[in-house]
Amino acid sequence: MNRSLVIGGGLVGSLIAIHLARRGHEVDIFERHPDFRIEADTKRPALNLTLCERGLRALGEVGLRERVEALAAPAHGRSIHGEDGFTAYQPYGAHGEAIHSIARSELNETLINLAEGLPGIAFHFGQKCTHLDLATPSARFEDVRTGAITEIKPDRIFGADGAYSTVRLHLQKLERFNYSQQYLSQGYKSLKIPARADGMPVLESGSLHVWPRGQRMLIGFPNRNASVSLSLLLPFDGAHSFASLTTADELRSFFHAWFPDVAELIPGLAEQFFARPPNSLLTVRCAPWSYEDKVLLVGDAAHAILPSYGQGANAGFDDCSVFVQCMDEYGDDWRSVFRAFEARRRPSMDYMADLCVEHFVELCELVADPNFLKRKELERRLNDLYPDLYQSLYTMVTFTTTPYIEAMRIEHRQRKFMDRLIADEGYDLDVESPRIKELLLRLSHEEIA
Ligand SMILES: Cc1cc2nc3c(=O)[nH]c(=O)nc-3n(C[C@H](O)[C@H](O)[C@H](O)COP(=O)(O)OP(=O)(O)OC[C@H]3O[C@@H](n4cnc5c(N)ncnc54)[C@H](O)[C@@H]3O)c2cc1C
């Protein structure tokens, strides 16, 4: 019997536990927070996520795709709310592409419910990991209510304890363990716009709503019940920041100045805003992700990325799919399983970490740059007209399961191609002309070669 210990009962911990149990492992999952299905979790921010093709495919491998899609609200495009009060709608594609917005808690609950029903899995809530002995391996937990200590000695440990991982902290003490973390100067708070009294949505449904304001941004995620979950991103310090907003009056003035069309849509704005401190956003890179054949990091614990591409959870679910492939290939040779997993996933996640930082700057600063917008529009038209010959990076990341690193290689060629095309012909070229198709055909042959 393989005895696996999963530390962290979040999205990735629950999914990897399901895979392990389905392969006959005895799995214990220790989660720091009490069971939020029984008592509301006031410590974690309420958050909506968007799932895309790679995350949904991974959920499909354990039979959850349809169930999760039924809980989620599809968004077929972005509604960009400009400072001038006008809204521009940008569809994600011409072929019905959509991302799926869902509350993180609802997604987590779906995964926990499935996991809990499987033979061999036991959840232990309210148990915080405080210490690890990597060599044994063993882990110590403190009951968050009683302070009682439990020690577990499994065959191997999976660190699925998120961006601030305790498991990773213990790996960091090893020689030649590489680690970097980079905080964003902005943080976020979650707010909510309820549905209208007649049950209809206040903001157009079927769309992700974005109010880009430089370093400040508001993002609205649709929900099935017609409400909208908002993430407000602001600098931590300085003018018009979280630190500067200390009273209800200041908050109201701020909203009327920066997001006037939303201010009146959020009931109890001040209560919602001041209920919790802002949360941080960070990028974490580390290596190696494993210790011998005993400990492995997965999900955010191995690779926390900024949410600018909406990929963290999708990538964590992708981890689980790749991990299963490695288990199938290497069987009980756990050292090889762990090494193969990292070799297949880390290059992609290192690239994604950079891309998300770059894309965050784009979202904050470049959406107001007319040339940037013209280029994006040109890419979108090429993507829509010739989906077999040209796929924008966003399309590859969001609507395909092409590994991120492969998407990057394709994008490098495409970027050079677009630079040349725009330099030669400007932005207003006739994308339907046979010559453009010919150029794209040549580009795709370069990719094959
Ligand atoms: C504002 C924001 C927006 C996002 N939007 C998206 C999006 O649109 N799409 C997307 O795919 N991703 C998105 N993400 C990222 C996504 O939330 C994460 O990538 C995902 O939750 C990672 O899952 P995980 O299981 O690895 O970690 P987590 O979800 O953080 O779960 C870790 C679990 O471990 C537990 N834990 C921590 N420490 C201990 C300990 N010492 N002992 C025991 N248990 C412990 C925690 O309580 C938690 O339950 C977003 C993130 C943020 C912050």
Side-chain angles (χ1 to χ4, degrees), residues 5-17 28-36 41 43-56 58-59 68 72 75 99-105 107-109 111-112 123-132 139-144 150 152 157-170 184 186-190 208 217-219 221 229-233 278-284 297-320 349 352-353 356 360 397-398:
L5 168 63
V6 176
I7 301 181
L11 303 178
V12 178
S14 306
L15 184 57
I16 206 151
D28 281 297
I29 307 182
F30 277 70
E31 164 56 44
R32 170 178 59 169
H33 291 303
D35 188 347
F36 65 92
D41 185 354
K43 296 229 171 81
R44 289 196 95 191
L47 194 70
N48 264 54
L49 305 171
T50 55
L51 291 174
C52 63
E53 184 52 31
R54 63 190 71 232
L56 289 169
L59 290 169
V68 168
I99 55 174
H100 299 263
S101 160
I102 185 168
R104 177 171 64 182
S105 55
L107 181 58
N108 208 166
E109 183 171 350
L111 283 158
I112 293 175
F123 273 90
H124 309 268
F125 289 101
Q127 297 287 332
K128 181 180 173 185
C129 177
T130 54
H131 182 77
L132 237 75
R140 203 179 301 152
F141 295 92
E142 184 187 310
D143 186 305
V144 295
T150 309
I152 304 286
I157 295 175
F158 295 89
D161 51 344
Y164 305 95
S165 168
T166 301
V167 180
R168 189 183 63 227
L169 205 61
H170 284 78
L184 208 61
Q186 288 103 325
Y188 71 95
K189 282 196 183 202
S190 301
L208 192 82
M217 189 171 0
L218 190 61
I219 305 170
F221 299 85
S229 298
L230 297 168
S231 288
L232 173 65
L233 273 92
N279 299 284
S280 303
L281 292 165
L282 81 166
T283 304
V284 171
L297 298 174
V298 287
D300 274 16
H303 49 65
I305 54 178
L306 298 182
S308 32
Y309 258 88
Q311 285 300 303
N314 287 289
F317 291 159
D318 224 359
D319 278 359
C320 297
M349 292 316 300
M352 208 54 203
C356 288
F360 194 84
V397 166
T398 311

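Scope of the values below: all heavy atoms of this structure, side chains included, with no hydrogens, waters or symmetry mates. All ligand and atom numbering here is 1-based and tracks the order in the structure.
- Checking only distances, T166 does come within under 3.5 Å of ligand 1, N or O to N or O.
- At least one side-chain heavy atom of M352 sits under 4.5 Å from a side-chain heavy atom of V397.
- Taking atom 28 (P) of ligand 1 as the reference point, the nearest protein heavy-atom neighbour is R44 NH2, 3.5 Å.
- In this structure the side chain of N314 never reaches within 4.5 angstrom of the side chain of L56, judged on heavy atoms.
- The shortest contact between atom 53 (C) of ligand 1 and any protein heavy atom is with Y188 OH, 3.4 Å.
- Within the listing of ligand 1, atoms 2 (C), 3 (C), 4 (C), 5 (N), 50 (C) sit less than 4.0 angstrom from a heavy atom of P307.
- Atom 31 (O) of ligand 1 has as its closest protein heavy atom G10 CA, 3.7 Å.
- Between S105 and F36, the closest side-chain pair of non-hydrogen atoms falls below 4.5 Å.
- Looking at atom 13 (C) of ligand 1, its nearest protein heavy atom turns out to be L49 CD2, 3.3 Å.
- In plain terms, the two heavy atoms of S190 and L47 that are nearest each other are OG-CD1, 4.2 Å.
- Atoms OG and CG, from S231 and L49 in turn, are 9.5 Å apart once rounded to the nearest 0.5 Å.
- Distances between N or O atoms of A163 and those of ligand 1 include no value under 3.5 Å.
- For atom 37 (C) of ligand 1, the closest non-hydrogen atom of the protein is D161 O, 3.3 Å.
- Counting atoms of ligand 1 from 1 in the listed order, those under 4.0 Å from a heavy atom of L11 are 21 (O), 25 (O).
- The aromatic rings of F141 and F30 lie parallel to each other, their planes meeting at an angle below 30°, with 60° marking the opposite boundary.
- Listed by number with element, the atoms of ligand 1 under 4.0 angstrom from any heavy atom of L281 are 53 (C).
- With rounding to the nearest 0.5 angstrom, the CD1 atom of I7 is 4.5 Å from the CG atom of L5.
- By the criterion of a heavy-atom distance under 4.0 Å, neither the backbone nor the side chain of I305 is placed next to ligand 1.
- Between atom SG of residue C320 and atom CZ of residue F158 there is a gap of 10.0 Å, rounded to the nearest 0.5 Å.
- Of the options H33, R32, K189, the smallest heavy-atom separation from atom 44 (N) of ligand 1 is shown by R32.
- At a threshold of 4.5 Å between non-hydrogen side-chain atoms, the residues H33 and K128 do not count as touching.
- Protein heavy atom closest to atom 8 (O) of ligand 1, with residue, atom name and distance, is T50 N, 2.8 Å.
- Residue E31 places at least one N or O, backbone or side chain, under 3.5 Å from an N or O of ligand 1.
- Taking every non-hydrogen atom of G162 and a distance limit under 4.0 Å, the qualifying atoms of ligand 1 come out as 27 (O), 30 (O), 32 (C).
- The closest side-chain heavy-atom distance from F360 to T283 is not below 4.5 Å.
- Heavy-atom contacts of G312 reach the following atoms of ligand 1: 10 (C), 11 (O), 12 (N), 15 (C), 19 (O) (cutoff under 4.0 Å).
- Looking only at protein heavy atoms, the nearest one to atom 42 (N) of ligand 1 is C129 N, 2.9 Å.
- When each atom of ligand 1 is checked for a heavy atom of Q311 under 4.0 Å away, the hits are 9 (N), 10 (C), 11 (O).
- Within the model, atoms CZ of R168 and CG of D161 stand 8.0 Å from one another, a figure rounded to the nearest 0.5 Å.
- Residue L47 touches ligand 1 through its side chain alone, judged by heavy-atom distances below 4.0 Å.
- With respect to atom 18 (C) of ligand 1, the closest heavy atom belonging to the protein is D300 OD2, 3.4 Å.
- Looking at L51 and L107, their side chains come closer than 4.5 Å, going by heavy atoms from C-beta outward.
- Residue contacts with ligand 1, taken as heavy atom pairs separated by less than 4.0 Å, involve F30 solely via the backbone atoms N, CA, C and O.
- We find the OG1-CG distance between T50 and L208 to be 7.0 Å, quoted to the nearest 0.5 Å.
- Considering SG of C52 and CD of Q311, their distance stands at 4.0 Å, rounded to 0.5 Å.
- Scanning A139, A315, A313 for the heavy atom closest to atom 16 (C) of ligand 1 points to A313.
- Taking a cut-off of under 4.0 Å to the non-hydrogen atoms of G299, the atoms of ligand 1 that pass are 26 (O).
- The N/O atoms of V12, backbone and side chain alike, include one that comes under 3.5 Å of an N/O atom in ligand 1.
- The shortest side-chain heavy-atom distance between H124 and I29 does not fall under the 4.5 Å cut-off.
- Atom numbering of ligand 1 starts at 1 in the shown order; those under 4.0 Å from a heavy atom of A160 are 32 (C), 33 (C), 34 (O).
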